[in-house]
Number of protein chains: 2
Amino acid sequence: MPTNTKTNYSIGAFAKAVGLTAPTLRYYEDQGLIEPHRHANGRRYYQEDDVNWVKFLLHLKGTGMSISDLKQYVTWRAAGDATIPQRLALLQRVKSDFLVQFNEVQHHLQILNDKINWYEEKEAGIMTAPEDFASYLKRFGHHE
Amino acid sequence: MPTNTKTNYSIGAFAKAVGLTAPTLRYYEDQGLIEPHRHANGRRYYQEDDVNWVKFLLHLKGTGMSISDLKQYVTWRAAGDATIPQRLALLQRVKSDFLVQFNEVQHHLQILNDKINWYEEKEAGIMTAPEDFASYLKRFGHHE
DNA sequence: ATATAACTTCAAGTGCACTTTAAGTCAAGG
DNA sequence: CCTTGACTTAAAGTGCACTTGAAGTTATAT
């Protein structure tokens, strides 16, 4: 006999479990992203499934999806398997946008790294005839 | 004799050159990030150096630096070489924060990719006995 | 000469994603 | 029993990074 312990999280306990605050959870609920159960007295409760769902939402959010993107996704999800093509297309668009940003951000990091190295060499007195950052970049073929 | 063409950009031309709008440039100036020259009549003008400077600022911004971080950097820069240690420390902190975010975001992408693949397999009817996403993730050792 | 496009300042408005406040209800521990 | 903490709603406030508007001046093209 498996222990049938259905965990019923209060909003506060759930907030800790997913790393959000209770107000944020209420806000997400207002936005239609979560639909917790309610006790007879009106208090929300959440279950294990909801933990997974919110964590998944946070992954999507972390790839750049806005609340309204997420809401659209949730709406389609609630409509059933017929909307899988739409959901797939949405996620593919998100991925494509993400990859553009990802490349840009890697370039930004390269420049930041170059600048840090430039300062470190300057500090260490490695630069004999102090070279300006622009020509330092060019030496590595790093542009702009 | 080299053609001594000092380019004097108006704010509009400069905006195009750096990919910002004129109001944004005025905003950055208010924040102390740029200090354009002025014609006798009060109109701003920018030069080639300013293009490089703004592009560099945008790289730093793109690594997650806020306007106020940038302002601090600019203030130290204006104070001369004595502040190189502070600037270096700031950029190292920025890099460190960036790398944390970068790892997180890569994990988010992995989950997004997995979800897309899961939908694609479901769509294509590759999933014989439809597998839920949670166990699909586990098959790849991708957690949460 | 005159229209219109680009510039000037300063203040107010926008969008996003929360966060905080106010006023009240409810549950659990001593 | 009663205090304390957690919960409820609805509305207002916050922070960031711009963006827009208003009112006026100046430069350029016809």
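Just so we're on the same page: letters track the sequence lines, and every chain starts at 1. Worth knowing before you read on, the calculation uses all heavy atoms, side chains too, and leaves out hydrogens, waters and symmetry mates.
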Hey, what are the protein-to-nucleotides 20-24 of chain C N/O distances that come in under 3.5 Å?
none

Give a yes or no on whether [X] and [Y] share a hydrophobic cluster (residues Ile, Leu, Val, Met, Phe, Trp, Tyr; joining criterion: side-chain heavy atoms under 4.5 Å apart).
{"X": "Val100(B)", "Y": "Leu58(A)", "answer": "no"}
{"X": "Tyr45(B)", "Y": "Val51(B)", "answer": "no"}
{"X": "Phe140(A)", "Y": "Phe56(B)", "answer": "yes"}

Problem - For DNA chain C, the residues among residues 36-56 of chain B that have a non-hydrogen atom under 4.0 Å from it - result: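 By residue number: Arg38(B), Gly42(B), Arg43(B), Arg44(B).
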
Inset, instruction - Would you tell me if any nitrogen or oxygen in the side chain of Lys16(B) comes within less than 4.0 Å of OP1 or OP2 on dA6(C)? - result: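 Checking Lys16(B) against dA6(C): no side-chain N or O falls below 4.0 Å of OP1 or OP2.
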
*asked:* Need one value for Ser68(A): base, sugar-phosphate or nothing, where a base atom within 4.0 Å counts as base even if backbone is also close, heavy atoms only.
replied: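 Touches nothing.
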
Measure the distance from [atom1] on [X] to [atom2] on [N] and round it to the nearest whole Å.
{"X": "Ile67(A)", "N": "dT19(C)", "atom1": "CD1", "atom2": "C1'", "value": "14 Å"}
{"X": "Tyr9(B)", "N": "dC7(C)", "atom1": "OH", "atom2": "P", "value": "14 Å"}
{"X": "Tyr28(A)", "N": "dT19(C)", "atom1": "OH", "atom2": "C1'", "value": "12 Å"}
{"X": "Asp30(B)", "N": "dA12(C)", "atom1": "CG", "atom2": "C1'", "value": "14 Å"}

Output field: ring centroids Tyr46(A)/Phe14(A) closer than 6.0 Å
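They qualify: ring centres under 6.0 Å apart.
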
Query raised in the report: Can you name the closest pair of heavy atoms from Ala15(B) and Ala22(B) and give their distance?
Result: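 Closest heavy-atom pair between Ala15(B) and Ala22(B): CB-N, 3.8 Å.
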
### Boundaries of the DNA chain D segment in contact with chain A, non-hydrogen, under 4.0 Å
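Under 4.0 Å from chain A, the extent on DNA chain D is dA6(D) to dT9(D).
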
Would you give me the side-chain donor-acceptor pairs under 3.5 Å for residues 23-37 of chain B, sequence neighbours excluded?
unit_1: Thr24(B); atom_1: OG1; unit_2: Thr21(B); atom_2: OG1; d: 2.8
unit_1: Glu29(B); atom_1: OE1; unit_2: Arg44(B); atom_2: NE; d: 2.6
unit_1: Glu29(B); atom_1: OE2; unit_2: Arg38(B); atom_2: NH2; d: 3.2

Hey, is Arg139(B) close enough to Glu131(B) for a salt bridge, meaning N to O under 4.0 Å?
->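 Yes, this pair counts.
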
Q) Can you list every ring-ring contact (aromatic ring centres under 6.0 Å, His included) pair that touches residues 62-104 of chain B, not counting sequence neighbours? A)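 Listed by first then second residue: Phe102(A)-Phe102(B), Phe98(B)-Phe102(B).
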
Nearest-nucleotide wise, let me know which of Arg26(B) and Thr21(A) is further upstream toward the 5' end of DNA chain C.
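On the 5' side of the pair lies Arg26(B).
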
**Prompt:** Do you know which of Leu90(A), Leu57(A), Asp97(A) makes side-chain contact (heavy atoms from CB on, under 4.5 Å) with Met65(A)?
**Reply:**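 Going through the options one by one, the only one that passes is Leu90(A).
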
**Asked** Any side-chain donor-acceptor pair under 3.5 Å between Glu120(A) and Gln92(B)?
**Response**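 Side-chain D/A pair, Glu120(A) to Gln92(B): present.
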
For residues 53-62 of chain B, which residue pairs qualify under side chain to side chain donor-acceptor pair (under 3.5 Å), counting only residues two or more places apart or in two chains?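 Residue pairs passing side chain to side chain donor-acceptor pair (under 3.5 Å), neighbours aside: His108(A)-His59(B), Glu144(A)-Lys55(B).
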
